[in-house]
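A short worksheet on the structure shown next.
Residue numbering restarts at 1 for every chain, and letters A, B, ... go by the order of the sequence lines.
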Amino acid sequence: MSSSRRQYPFHLIEPKWQKVWDDQHAFRAFGPGDEIPANHPFAQRHKLSGKVSATQLPQKYYILDMFPYPSGAGLHVGHPEGYTATDILARYKRAQGFNVLHPMGWDSFGLPAEQYAVKTGQHPRKTTDENIATFKRQIKSLGFSYDWERELATTDTDYFKWTQWIFLKLYNSYFDPELDKAQPVELLEDALSDEPKQMGRWKNNAYLAGTHDAWKGFTAAQKNVRREIIDRSRLAFVSEQPVWWCEQLGTVLANEEVVDGKSEVGGFPVVRKPMRQWMLRITRYAEKLIQDLDTIDWTDSLKEMQRNWIGRSEGAEVDFQIAGSPEKIRVFTTRPDTLFGATYMVLSPEHKLVDQITTPEQREAIAKYKTEVAKKSDLERTELAKDKTGVFTGAYAINPVNGQKIPIWIADYVLASYGTGAIMAVPAHDTRDFEFATKFNLPIIQVVQPPDTKTNWQGFVGDGTAVNSAGTDISITGLPTAEAKRKITEWLESKGLGKKTINYKLRDWLFSRQRYWGEPFPIVWKKDASGNLYHEALPESALPVLPPSLTDYKPTTTGEPPLARAKDWVNLPDGSTRETNTMPQWAGSCWYYLRYLDAKNASAFVGKDAEKYWMGGKSAGVDLYVGGTEHAVLHLLYARFWHKVLFDLGYVSTPEPFFKLVNQGLILGEDNQKMSKSRGNVVNPDDVLKEFGTDALRLYEMFMGPLEMVKPWSTKGVEGVYRFLGRVWRLFVDDKSETDFEQAETTSQNTDTLLGLIKLDPVIKNAAPTPAQLKTLHAAIKKVTEDLDGMRFNTAISALMVFVNDAMTWEAKPVSVMRDFLILLQPFAPHLAEELWSRLSPVGNLSYQPWPKFDPALLVESEIEIPVQVNGKLRDVIKVPAGADNATIETAAKKSEKVLPFIDGKTIKKVIVVPKKLVNLIVS
RNA sequence: GCCGGUGUGGCGAAAUGGCAGACGCACAGGACUUAAAAUCCUGGGACUCUAAAAAGUCGUGUGGGUUCGAGUCCCACCACCGGCACCA
């Protein structure tokens, strides 16, 4: 704590204005159909009141923060970084006349509240409510211009009712590959029933025989599997697959939540375990999720992360006949052009054909290897990646291009979960195959010639020219890689041996958790006549499905969800039982930005008019979304997926939710290390606020450096901007009255009385500004405006400082200039700016004042400085009239006394004159 | 290994291919003060030469290149940060 004297009475000003804004509901956003009170500052600014339609409203600007998980620890300085940036822009856009939507809420389902409940027995709702209260108090003390009437929490029943509703939409939809969009599942039901209501394009079952792989092995005629066909087609489906199970957390996790074989939360080990789980078919949207990245304004690095995660790769599937067997092995390869170099094949140990093709002699070795692999955790499997292992099955396959018999091996470097779980190995041109072949002495044949002949072809994986690639039927020798790929794929297709294929790394989204504190599924389980379990959706009228009350929230070690303990809740009168899994934390954050548009709607997740108005327009979707980079492949991918489903089903009007997205950079501790309790370098915003006030905190967080950069905290830096705010104060305030204020403060606590003692500096007058003053003002307007448009907050603030440094020297301060300056200051330091504004201006909220426009004519100089270089080196700076032509400038440059010694007696070979910029004399 | 980002004073940083270091921190000197704090003013890239001024040389991670001119553009490297990683 510094013992320095307070720069200005922020401790009175900040609570005062926060209360004023609160009482006025000053930042309430009005949408179509809303009733605008005539005395609201928005009504006054836009001359609108009463019930308004979308066409009457000004253009919208939707600016969104990633809502926080309200943890018990409270806010850290990383939160206000993004929130301040968005608040500055919200205030700026409001001043520009936009109808700004700037909401805040709570992502409040989650592990910590539940773990606390397990320890203490306190209901998670209680903990959650307390934490929300703390977060809200802290966030409100920062003076952000949120519309608190749209506040929401994912744990509110009024909210998760609609989360469950959207789940029902997913459950009741399937992805139609022909229409390339989600469709209601009733259409499928019709198609599969005896008397379809609309036969349409399913008339001859052509569609059913088609590409939908969920239907493999079924026909519509098999009525006993009708339900199964439908259930397999749903976007929300049940699957019995190996999933990531975390014993310490007592739950399964999504792929995205597993990092290096450990849980993302807590870092506990996870293992593969087959379990019955709910999945969402995000893979159907892989292509759209990649393609539509091109339509949105995100950073390249973030787009790249999503692209990598989705992992699209183009190639071909090729069938290899097994020698002496009717079975074929299908492989996926991105390099069909290297088919002639395939000298062996590898199946993943889990491949379904392994046992069938293994020869008796190899059976024991194969069985042993499979057991070893099964024992390995995935962590071990990847950590030991360098050392290839594998076993020969004894079987051979026929290379379709040249009829050669090649051995079939199994090895754990081939993953069961990618492609077909089997590869053709081309050791000459694949690093992994090369390592394997070297270790097990398998043949290595060159089929690609590197473009640079000096490059060793062994292990060369780049593009080149095909060599040794001629069979009896097909030759690609001599073709460059791209063409070779095309030709051989066409040949394979014509022979029915393979086809062009696109593969994705993206897996379907594991959507159920064995937890208490999450949204229950609106699903029940029933038994059919033969005793088989099947699931059924609850009707919309049954929503919300509330979780039961429990006394024991503990996860089980078996994987049975804690909700199963509530027998009364689970068992329904009709004999059916409730689904006891809950949804993952990501569910609520998948659509919260839509609920803000119409947060109190009781009859729909969002009203149609509200959705159209706030999400439509020139920049479709959220205009600006700011948050941390940690959600690059989790929340941001899931939310895009849900949005696209809702779009396909006609519930939202844009294919993408977030038009522009910016990641704020991490704030490090003063020691340049990541802030953490153990390092003891954590900065608590409450402490900063107490000492310097929230305007200083806001200003500092923006002044530190560019928003998206990683940057270290500096308490001295906060003091610096705090001093700047003090200078602003003294620029406006009479120092004698400040002395009165200070004396009165020792006896009185009343804010109004005390602030009433502060008088304006008498040199602030209704007077015409001088040209120099106007120039200073308009230079600031220009710079601040341009920098805000480009989100360069740090340089915008420095422009404000430049203005103040100059204005401090003025003997007379014209009111008009000082007012415009306060409008510029308002987005950054709203409390101080409002307080000073209230003294300069008889009426009106500063936050709704029109943003000033700069006049370029005022910035024109009559005389300009031109640097003069000789051979590129600066020798002098000359002054010339602004309108001087090149010849005049050149003459003046040559006459400069400082330049003369460098050109004297030398020949000037060339003269470069850049108008208004510089002169460069080239001499020899 | 692959992909992305970043390298500029003691520190945070700023510079449409045209005066490198705006603005701020820290520091130094001065004014005010009994004194300190606060405030106000002034000065700070390095080096050489000066008593001082003036002047000169070098300087944006490294090495090349393009250009009258490069922190900025191109090529090749190095370091750090972030993401992905046996994905065929």
Checklist entry - To the nearest angstrom, how far is K873(A) atom NZ from C68(B) atom P? => result 17 Å
Next on the checklist: Heavy atoms from C-beta onward define the side chain here; which of G18(B), C86(B), G24(B) lies closest to that of K388(A)?
Outcome noted: C86(B)
Checklist entry - Counting only Watson-Crick or G-U wobble pairs whose two distances fall under 3.5 Å, which nucleotide matches G82(B)? => result C3(B)
Checklist entry - Regarding T389(A) and Y369(A), is there a side-chain donor-to-acceptor distance under 3.5 Å anywhere? => result yes
Checklist entry - C78(B) and G71(B): how far apart are their P atoms, nearest whole angstrom? => result 23 Å
Item to check | Separation of the C1' atoms in C49(B) and C58(B), to the nearest angstrom | outcome: 15 Å
Checklist entry - Atom CG of L725(A) to atom P of A38(B): distance rounded to whole Å? => result 17 Å
Checklist outcome for this item: Applying the 3.5 Å cut-off to both distances, the Watson-Crick or G-U partner of A37(B) turns out to be none
Checklist entry - Between K388(A) and F436(A), is NZ or CZ placed under 6.0 angstrom from the six-membered ring centre and within 45° of the ring axis? => result no
Item to check | Integer angstrom distance from the P of C73(B) to that of G18(B) | outcome: 11 Å
Item to check | Sugar-phosphate, base or nothing in reach of R312(A), heavy atoms under 4.0 Å | outcome: nothing
Next on the checklist: Taking C3(B) as the reference, what is the distance to A85(B) when you measure between their P atoms (whole Å, please)?
Outcome noted: 16 Å
Next on the checklist: For a quick test of reading the model: is some side-chain N or O of N805(A) closer than 4.0 Å to OP1 or OP2 of G24(B)?
Outcome noted: yes
Next on the checklist: Mind checking if Q7(A) touches a base, just sugar-phosphate, or nothing, with heavy atoms under 4.0 Å?
Outcome noted: sugar-phosphate
Next on the checklist: Does G12(B) have its OP1 or OP2 closer than 4.0 Å to a side-chain nitrogen or oxygen of N794(A)?
Outcome noted: no
Checklist entry - Ring centres of W810(A) and F803(A) under 6.0 Å apart? => result yes
Checklist entry - The side chain of F902(A) lies closest to which of these nucleotides: G56(B), C23(B), G83(B)? => result G56(B)
Checklist entry - If we take the P atom in both G10(B) and G59(B), what is their distance in whole Å? => result 16 Å
Checklist entry - So what does F434(A) hit on the nucleic acid, given a heavy-atom distance under 4.0 Å: a base, only sugar-phosphate, or nothing? => result nothing
Item to check | Pair of N/O donor and acceptor under 3.5 Å linking C68(B) base with N920(A) side chain | outcome: yes
Next on the checklist: From the set A15(B), A26(B), A22(B), return the single nucleotide nearest to any side-chain atom of S798(A).
Outcome noted: A22(B)
Checklist entry - Please give, in whole Å, the distance from G82(B) P to M709(A) CE? => result 14 Å
Checklist entry - Which nucleotide sits closest to the side chain of W309(A): A22(B), C84(B), C68(B)? => result C84(B)
Checklist entry - Expressed in angstrom and rounded to an integer, what is the separation of Q673(A) atom CD from C80(B) atom P? => result 14 Å
Checklist entry - OP1 or OP2 of A88(B) less than 4.0 angstrom from a side-chain nitrogen or oxygen of S313(A), does that happen here? => result yes
Checklist entry - Rounded to whole angstroms, how far apart are CZ on F793(A) and C1' on A22(B)? => result 19 Å
Item to check | Nucleotide forming a Watson-Crick or wobble pair with A14(B), both distances under 3.5 Å | outcome: none
Item to check | Pairwise C1' distance, G65(B) and G9(B) [rounded to whole Å] | outcome: 28 Å
Checklist entry - Does A26(B) have OP1 or OP2 sitting under 4.0 Å from an N or O in the side chain of R723(A)? => result yes
Checklist entry - Hey, is the side chain of K917(A) pairing donor to acceptor with the base of U16(B) inside 3.5 Å? => result yes
Checklist outcome for this item: Pairing partner of C77(B), by Watson-Crick or G-U wobble and under 3.5 Å for both distances, is G61(B)
Item to check | Euclidean distance for P, C23(B) against C74(B) (whole angstrom) | outcome: 31 Å
Checklist entry - Is there a donor in the side chain of W729(A) and an acceptor in the side chain of E738(A), or the other way round, less than 3.5 Å apart? => result yes
Item to check | Nearest-nucleotide comparison on RNA chain B, the residue closer to the 5′ end among G421(A) and P867(A) | outcome: P867(A)
Checklist entry - Base, sugar-phosphate alone, or nothing: which one does T334(A) contact when heavy atoms must sit under 4.0 Å apart? => result sugar-phosphate
Item to check | Phosphate OP1/OP2 of C84(B): any R307(A) side-chain N/O under 4.0 Å | outcome: no
Checklist outcome for this item: Assert: residue with more 5' nearest nucleotide on RNA chain B, out of I866(A) and Y418(A), is I866(A)
Item to check | Pairing residues for W309(A) by the ring-ring contact (aromatic ring centres under 6.0 Å, His included) criterion, not counting sequence neighbours | outcome: none
Item to check | Protein-nucleotide distance (L900(A), atom CG; A54(B), atom P), rounded to Å | outcome: 20 Å
Item to check | Integer-rounded Å distance: G18(B) P and L918(A) CG | outcome: 10 Å
Next on the checklist: Tell me whether the side-chain N/O atoms of K910(A) come closer than 4.0 Å to OP1 or OP2 in U67(B).
Outcome noted: no
Next on the checklist: Can you check the distance between U33(B) and C40(B), where both ends of the measurement are the C1' atom (answer in whole Å)?
Outcome noted: 13 Å
Item to check | K894(A) atom NZ: more than 12 heavy-atom contacts under 6.0 Å | outcome: yes
Checklist entry - For I878(A) and S896(A), which heavy atoms make the closest approach, and how far apart are they? => result CG2-CB, 4.0 Å
Checklist entry - Between R307(A) and D300(A), is the closest basic N to carboxylate O distance under 4.0 Å? => result no
Next on the checklist: From C-beta outward on L415(A), which listed nucleotide comes closest to its side chain: C84(B), A88(B), G24(B)?
Outcome noted: A88(B)
Item to check | Any K711(A) side-chain nitrogen or oxygen under 4.0 Å from OP1 or OP2 of G12(B) | outcome: no
Item to check | V802(A) side-chain proximity, nearest of C23(B), A13(B), A88(B) | outcome: C23(B)
Next on the checklist: Tell me if G5(B) is syn or anti. Syn = glycosidic torsion within 90° of 0, anti otherwise.
Outcome noted: anti
Next on the checklist: Under a 3.5 Å threshold, yes or no: a donor from one side chain and an acceptor from the other, between N503(A) and S313(A)?
Outcome noted: no
Checklist entry - To the nearest Å, how far apart are E811(A) CD and C40(B) C1'? => result 15 Å
Item to check | Contact under 4.0 Å: R730(A) side-chain N or O vs A38(B) OP1/OP2 | outcome: no
Checklist outcome for this item: With syn meaning chi within 90° of zero and anything else anti, the base of G30(B) is anti
